[in-house]
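Written out below as structure tokens is the structure these notes cover.
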Protein chains: 2
Amino acid sequence: MDAGVVRRRNLSAVLELVHLRRGVTRADLTRALGLNRSTIGDLVAVLAEHGWVDERDDAPRSGVGRPSPRVVARDARLVAAINPELDVIDVALVSLGGAIVARRRVPLSEPPTVAATVEISARTVAELAAQHPESTVVAAGVAVPGLVRNEDGLVRLAPRLGWREEPLAAPLAAALGIPVAAANDAHLGSRAEQSFGAGQGARTMLYLNGGPSGIGGGLVVDGRPMDGAAGYAGELGHASVDPNGPLCACGAIGCLEALVPRAALASAVGLEHPDDDTLESALLTAIVAEDAGGPVHEEVARQLRWLAIALRGAVNLLNPERIVLGGHLAALWRAADRDQRASLLGQALPVNAADATVEVAALGGQRLLIGAAELAWDGLIADPLGAGESESARVDAVPVAP
Amino acid sequence: MDAGVVRRRNLSAVLELVHLRRGVTRADLTRALGLNRSTIGDLVAVLAEHGWVDERDDAPRSGVGRPSPRVVARDARLVAAINPELDVIDVALVSLGGAIVARRRVPLSEPPTVAATVEISARTVAELAAQHPESTVVAAGVAVPGLVRNEDGLVRLAPRLGWREEPLAAPLAAALGIPVAAANDAHLGSRAEQSFGAGQGARTMLYLNGGPSGIGGGLVVDGRPMDGAAGYAGELGHASVDPNGPLCACGAIGCLEALVPRAALASAVGLEHPDDDTLESALLTAIVAEDAGGPVHEEVARQLRWLAIALRGAVNLLNPERIVLGGHLAALWRAADRDQRASLLGQALPVNAADATVEVAALGGQRLLIGAAELAWDGLIADPLGAGESESARVDAVPVAP
DNA sequence: GTGATTTGTTGGTTCGCACAACGTATCATG
DNA sequence: CATGATACGTTGTGCGAACCAACAAATCAC
């Protein structure tokens, strides 16, 4: 019943630091974990023995004293990250440390069904894995543009793909033969930014992403991703900002995402379906070129006003230490002038706003894949020796009843 | 450096269960903690040795097998709970297990200053303690109607009392000679309901209280109270519900608490400053007596509509498993008919609302004192043998520079 | 009463971390 | 370039704390 709870925790903590910091010296580990040098040596040796890490003597010289070897992840194990979208299925292999070592974007002629997603993902993962014969793909994570039940990775609703109550993690686990976890794409964007991007180090964070299908988000509370009761937390896109506003697709009135649509911003600068970078640079160009008071300025100002109202509620409720904006909300922030930036949190209670800094998401087009990989790594980092009991949030590759 | 981290965690876990469940059998403890019978026996013995618990043979017979002794808190240690208000300072001594063993409400002729609060509290705690010579008062907690910085218990703003940037925990600790922690009253209401009231067992909870000075709240995330970066989380009262609404005292427009004031509900039933019970019974009486469409019905319906808008945002953001309403919001819920109750979460995304149940706060007029006691117990339960380092969220009774 | 069941108790075992002493590699200094 | 200071890795030992197995005790069912 025990199986070394303490040992598991410590091994996990070491491996997590190696993962998040992309390599640390043993001396760093002793300081960060407060364990004895000899204990750290032992823990690292165990992880090395089990194929997780290597030790190298390339540590940057830090001063007097005997140099400490750097502990780095061994790339013998990889995870697969999968992001099905309207016109593409994005697949990658990701190493411990969050580096994408292989990626393939499989174009689609029509929105994929779940069956097609499973089939294409499994094939593509196999192809990418074949290019890396020295490594094993040990788990997979899926970023879904929709609401996903965290318990079993079932897609409750993905309007963009036309999915509804579709099991996803289970069939994919069966097809791949490895554990698979699935979650909402904005949640995973949040996780990626928390681990390797603009959210690093924040103990309380609100991540908000403006995508083509709406505004999604993710929360970090006490340094850990916050999912809510069943996995649907973070949906600030459907907060009310105007009770006299337009009807939203969700059935409610005056939702944030109905009043701050990506499409309106894109069309203001004359684009149809721009990606994040294109939208942002077009917007910045237009803002400079256009006179103050012009239509682009107007649209930016309008969207920022509504965003400020929604953020007021979230900031007052959460008292976050960081707010990370992605997608077209990042573009908005970049396009905003000093006064507009200041007023974004200006409606929140002063004490609540005082603790919060606004940042722009840092990981660009790799964000969702890195986040999906984080999800996949979860169970492995939590129990590196794999001796523990099965993880509840993870669907194992047991044969699934049809 | 170590000092038995594991031991401390386990002792703390045992004591926490004894506290929350107000006594458990040793057999229960083994099941709840997954530790060996002999280990539990040892842990309980250590706690008994240090004066925390007693063992009794009065366990309700539960079936075959040797009966397990009940482990209960010994009342040798008490904490003080303090709640300064406009016209009264409410002081109590609370036992482990959350029972109020002594209470005194000291009436005031005018709103208290911090100095007066410290003086009156210290005197009253001493008087109550004198009535219980067999017990020691080991810590204190203060519930403040305002924003309190959790780091050091400094009151940033308590409009109702006219306090602004006033250190409170530190001078009170100096006066009482014991560690003192302070927090927002709604936070502590939330903690009380979580531990012993309508929030028991919920891993994700939103607590909302409608009081005379506005609408405050508290959050529980992952089974633990959520404070935010500096202690100001939970202020849903200042979420925007109507961008064309009235100006709130906070400076923003259309805040929930400006549109759902307790005073309006009270005056609808012809009362001036009713307490919670009076307001609720008057409201229920009026609802029955009045025709549908009458002014009381109207006010209830109006407030519920605004509340639903604010809850939409919070429920979509948090995906809570439970929502607990206190104060006049509890009265509103009691007065609501079936359709109104259903529509309270009706605007939230169906998946998010599906996980949430609405409950009415259970602890009545003892809530704030019990919550303040929970805060006081925190550090002690976390480290029953007192061997650990100082708790950062707690101000120790060291002399404070003036 | 007798057996089944559940739990407390006791002594021995194991796991895992700390600690101290020592070996080793670098930097600073003359 | 030798020496000391500093920081770190390595090794063997000790100990805290949990587990385990065997036994004793208290209840229920028949």
Side-chain angles (χ1 to χ4, degrees), chain A residues 1-15 17 23-50 53-72 383-385 387-389, chain B residues 1-15 17 23-50 53-72 383-385 387-389:
Chain A
M1 184 57 77
D2 169 50
V5 191
V6 176
R7 191 62 156 185
R8 184 155 67 215
R9 268 184 61 95
N10 286 340
L11 287 168
S12 170
V14 169
L15 191 57
L17 278 174
V24 279
T25 67
R26 268 160 66 172
D28 287 337
L29 288 170
T30 62
R31 277 186 291 267
L33 301 184
L35 294 172
N36 193 280
R37 287 209 295 272
S38 49
T39 309
I40 293 293
D42 190 23
L43 292 168
V44 170
V46 169
L47 288 178
E49 206 175 287
H50 283 76
V53 300
D54 284 317
E55 293 195 87
R56 291 190 197 150
D57 278 337
D58 59 352
R61 51 201 66 198
S62 60
V64 298
R66 176 175 176 174
S68 190
R70 227 159 57 88
V71 183
V72 297
D383 184 17
L385 307 192
E389 70 287 11
Chain B
M1 183 57 75
D2 169 49
V5 191
V6 175
R7 191 61 158 188
R8 184 154 69 215
R9 267 185 61 95
N10 286 341
L11 286 169
S12 169
V14 169
L15 191 57
L17 277 173
V24 280
T25 66
R26 270 160 66 173
D28 287 337
L29 288 169
T30 63
R31 277 186 291 266
L33 301 184
L35 295 172
N36 193 281
R37 288 208 295 274
S38 46
T39 308
I40 293 293
D42 190 23
L43 292 168
V44 170
V46 169
L47 289 177
E49 208 173 284
H50 282 77
V53 301
D54 285 316
E55 293 194 88
R56 292 192 196 148
D57 279 336
D58 60 351
R61 51 201 66 198
S62 60
V64 298
R66 175 174 176 174
S68 192
R70 226 159 57 91
V71 183
V72 297
D383 183 16
L385 307 194
E389 71 287 14

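In what follows, chains carry the letters A, B, and so on, assigned in the order in which the sequence lines appear, proteins first and then strands, with residues in each chain numbered from 1.
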Output yes when at least one side-chain N/O atom of [X] is less than 4.0 Å from OP1 or OP2 of [N], else no.
| X | N | value |
| --- | --- | --- |
| B/Arg26 | C/dT9 | yes |
| A/Asn10 | C/dC17 | yes |
| A/Arg31 | D/dC8 | yes |
| A/Ser68 | D/dG9 | yes |

Nearest-angstrom distance from the residue atom [atom1] of [X] to [atom2] of [N]:
| X | N | atom1 | atom2 | answer |
| --- | --- | --- | --- | --- |
| B/Leu29 | C/dT7 | CG | P | 12 Å |
| B/Arg9 | D/dG16 | CZ | C1' | 17 Å |
| A/Leu35 | D/dC8 | CG | C1' | 16 Å |
| A/Asn36 | D/dG12 | CG | C1' | 13 Å |
| B/Leu47 | D/dA17 | CG | C1' | 15 Å |
| B/Arg66 | C/dT10 | CZ | C1' | 12 Å |
| B/Asp42 | C/dT10 | CG | P | 11 Å |
| A/Asp57 | C/dT26 | CG | C1' | 13 Å |

Worksheet item: Is there a donor-acceptor contact under 3.5 Å linking the side chains of A/Thr39 and A/Asp42?
Response: no

Practice prompt. Among C/dA21, C/dT26, C/dC17, find the nucleotide with the atom closest to the side chain of A/Arg37.
Written response: C/dA21

Worksheet item: If you take atom types as modelled and just measure distance, does the side chain of A/Ser38 reach the base of C/dC17 with a donor-acceptor pair under 3.5 Å?
Response: no

Worksheet entry | Donor-acceptor pair under 3.5 Å, B/Arg7 side chain vs D/dG16 base | no

Practice prompt. Could you check A/Leu43 against B/Thr30 and say which one's nearest nucleotide on DNA chain C is further toward the 5' end?
Written response: B/Thr30

Discussion item. With nearest nucleotide decided by heavy atoms, which residue, A/Glu55 or A/Val64, maps closer to the 5′ end of DNA chain D?
Written reply: A/Val64

Worksheet entry | Note, A/Val71 side chain near A/Arg26 side chain (heavy atom, < 4.5 Å) | yes

Discussion item. Does any part of the side chain of A/Leu35, heavy atoms only, come nearer than 4.5 Å to the side chain of A/Thr30, both counted from C-beta?
Written reply: no

Discussion item. So that I can tick it off, tell me whether B/Asp57 and B/Arg70 are bridged by a salt bridge, with the cut-off set at under 4.0 angstrom between side-chain N and carboxylate O.
Written reply: no

Response to the item:
With A/Val53 as partner, the option from A/Leu43, A/Leu47, A/Val72, A/Val14 fulfilling side chain to side chain contact (heavy atoms under 4.5 Å, CB included) is A/Leu47

